[in-house]
Each structure stands twice: as structure tokens, then as C-alpha cells.
Protein chains: 2
Amino acid sequence: MVEFHVDRGSGFPAYLQLGQQVREALRLGWLQPGDRLPTVRDVVATSGVNANTVLKAYRELELAGLVEARQGSGTFVKATLGSAAPEDLDPLRAKLATWVAEARSAGLEDEDIHALMREVLSGGAQ
Amino acid sequence: MVEFHVDRGSGFPAYLQLGQQVREALRLGWLQPGDRLPTVRDVVATSGVNANTVLKAYRELELAGLVEARQGSGTFVKATLGSAAPEDLDPLRAKLATWVAEARSAGLEDEDIHALMREVLSGGAQ
DNA sequence: TCTATTGTGCTAGCTCACTAGAACAATCTG
DNA sequence: CAGATTGTTCTAGTGAGCTAGCACAATAGA
């Protein structure tokens, strides 16, 4: 079961946060096709977001073909997003964890690490 | 000189995008104390964002003590953000680039990589 | 001093994210 | 069948992000 964390006041639209968290869970294999997303009312209760906002997030995911809403039953995962096989993911995660440890011991904070990653992904200095 | 890229229609507030890009440039050493940020009117011309929006972004940076606005002269970098020495950054960047190449050859897309990084940084499976 | 350039302030208005509250429709469960 | 649960729709309203346009203030440079 996925747990949502909506950070209100970050300037980040709540419905985008919800959608992004679902997509991330799909990428990491936390959610598989057939799994059920938290109920709209569940999300309302746990995150304090309005039902319409949750619905908007779910509908965008449905429009993207990622989930399927069945009235009376729930919203279910329909497709996955990860482009790599889960068994390939583990060694990569391990190596990355080693690198992260090294970076942190060099004094880098999480934001520095993210910035560095964005730089490398975008093709270096540019 | 930093170049701003404002992606309108992403749901992401423009003034936050601007501020984030300055912070990122500070982290990566692209901007050093004493450097001048693009003129408010420059940003307006290149990004199409309104002057008030740019001003809002710059004012937040000033409130954070990162930049200093001098009327008639420009907005200048006052402090840096990177928590690591630039000479420590290069080997880390090189190793990370190696890892990224490996991840991409395994089929991972940029979004997968970011998701994996967030997962590792937040402490694994959790 | 004069002029261009810069940051700053102001008002008015639009759009959209979000809330509030209520009702309805389909499905599941007993 | 009956009740609970779930997704869905609707209306009304609030607040913030953003735009538009203009005027002003301080600095730099000729």
C-alpha cells in the first residue's frame, strides 16, 4: 500500500504531488499492475487534501493509461512505468548507494547530490 | 552568465523555477559571489515572464541572503550554497557519470534514475 | 549634468489550484 | 435484497500565481 505525503505550502500543486508519487512508485516497482491505490476518501483522511483534488490526480493518471478507476471497487494499477527489469535494478541501486555514501562523506547534502545528478543527466557542463 | 529556462504550463510556479535555477547554479559553482544575475528586464525578454514575477524570485533569494540587489547596477551573488569544495566535486561527478552510463545501458530513463536516487537518498526501501 | 540602465512600487484584473458541501451511481458484501 | 463502500458530479467560493502597464528612485557612464 502506498502512503501519500502532501507537502502543502511548498508551492507545489497537491494534485501534481499525488500523481508524481504514484508514478514514482510505479517506476520503483512499489506498485504493480492489479494493485489498488488508496481510496479517494483514504487520501482525504490521511493527507487533508480535498476529494476533488485527489480525484483530479487520479483522473490524470487514468488519462495517461496508468490506472483504471472502477466505481464501487477502487482505483487499480493498469500499467507500469519502469523501463528496466527489477533484477537489473538491485545492483544499480547498490552501486549508487556506495556513491552516495562517498558523496556524503565529502560533505555533499542531498540537494547538492540532486543538482549534481541533474547536471550529469543533462550532459555535463552544457 | 546564467540562462533561465521557464517551463510555463508545467504547473510549477515560475518564480520558484527561477529561484531553484539560481540555487542550483550556486551549488554547482556556476555562480560565484560577486557574479551578476541577469537583469530583471533580461529575464523578462528571454523567458517571457512578467517583471513582477522575476522580482518576486529575486526578492526571495535576497531574503535568503544569497544575493544582493543594487538599484541601478544589478543583482549580485552574495553567498554560495555548495557544501563541498569544487575540487572534491570533479571526481564525484566523473564516478557518477560512469554510473549513469551503466544505468542507461540497462534501459533506465532519466526519470527512473531520478526516482532511484530519491529512493537511495531517503534511505532505501523504507 | 544628462542620459541610459537598473531595481522598485503600485493598481487592476485574470486564471487556476484548491476548498466546502452535498448528492448521485456503481459495485461489493452479508 | 439491503447496506456499506467506492468513484463521480455539481455548484459556489477563496486565495495565490501571474499578467499588464505605468511611474518612480538610484546608480553608472559619457
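Both backbone and side-chain heavy atoms feed into the values below; hydrogens, waters and symmetry mates do not.
- Panel note: side chain Trp99(A), backbone Leu92(B); a donor-acceptor pair is recorded below 3.5 Å.
- The distance between atom CD of Glu60(A) and atom P of dC16(C), rounded to the nearest whole Å, is 14 Å.
- Not one N or O on the side chain of Asp90(A) forms a donor-acceptor pair closer than 3.5 Å with the backbone of Glu87(A).
- Here the C1' atom of nucleotide dT8(C) and the CD atom of Glu68(B) are 16 Å apart, to the nearest Å.
- Between the CG atom of Asn50(B) and the C1' atom of dT8(C) there is a distance of 13 Å, given to the nearest Å.
- With sequence neighbours left out, the side-chain contact (heavy atoms from CB on, under 4.5 Å) criterion links Asp88(A) to Ala85(A).
- Ion pairing between Arg104(A) and Glu109(A) fails under the 4.0 Å rule for side-chain N and carboxylate O.
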Do nucleotides 4-17 of chain D as a string where each nucleotide becomes B, S or -: B if the base has a protein heavy atom under 4.0 Å, S if just the sugar-phosphate does, - if no protein is that close. -BBBSBB------S
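- Taking atom NZ of residue Lys78(B) and atom P of nucleotide dG7(C), one finds them 16 Å apart after rounding to whole Å.
- Judged as a side-chain contact (heavy atoms from CB on, under 4.5 Å), and not counting sequence neighbours, the contacts of Phe12(B) are Phe12(A), Ser10(B), Leu16(B), Gln17(B), Gln20(B).
- The C1' atoms of five pairs define one axis at each end of the helix from dT1(C)-dA30(D) to dG30(C)-dC1(D), and these two axes lie 40° apart (to 10°).
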Show me the donor-acceptor pairs within less than 3.5 Å that the side chains of residues 51-63 of chain A make with the rest of the protein, sequence neighbours left out.
{"from": "Asn52(A)", "atom 1": "ND2", "to": "Asn50(A)", "atom 2": "OD1", "distance (Å)": "3.2"}
{"from": "Tyr58(A)", "atom 1": "OH", "to": "Pro38(A)", "atom 2": "O", "distance (Å)": "2.7"}
{"from": "Glu62(A)", "atom 1": "OE2", "to": "Ala69(A)", "atom 2": "N", "distance (Å)": "3.2"}

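- Applying the side-chain contact (heavy atoms from CB on, under 4.5 Å) rule to Glu68(A) yields the partners Arg70(A), Lys78(A); only residues at least two apart in sequence or on another chain are considered.
- Looking only at side-chain heavy atoms (C-beta outward), Glu111(A) and Leu81(B) stay at 4.5 Å or farther from each other.
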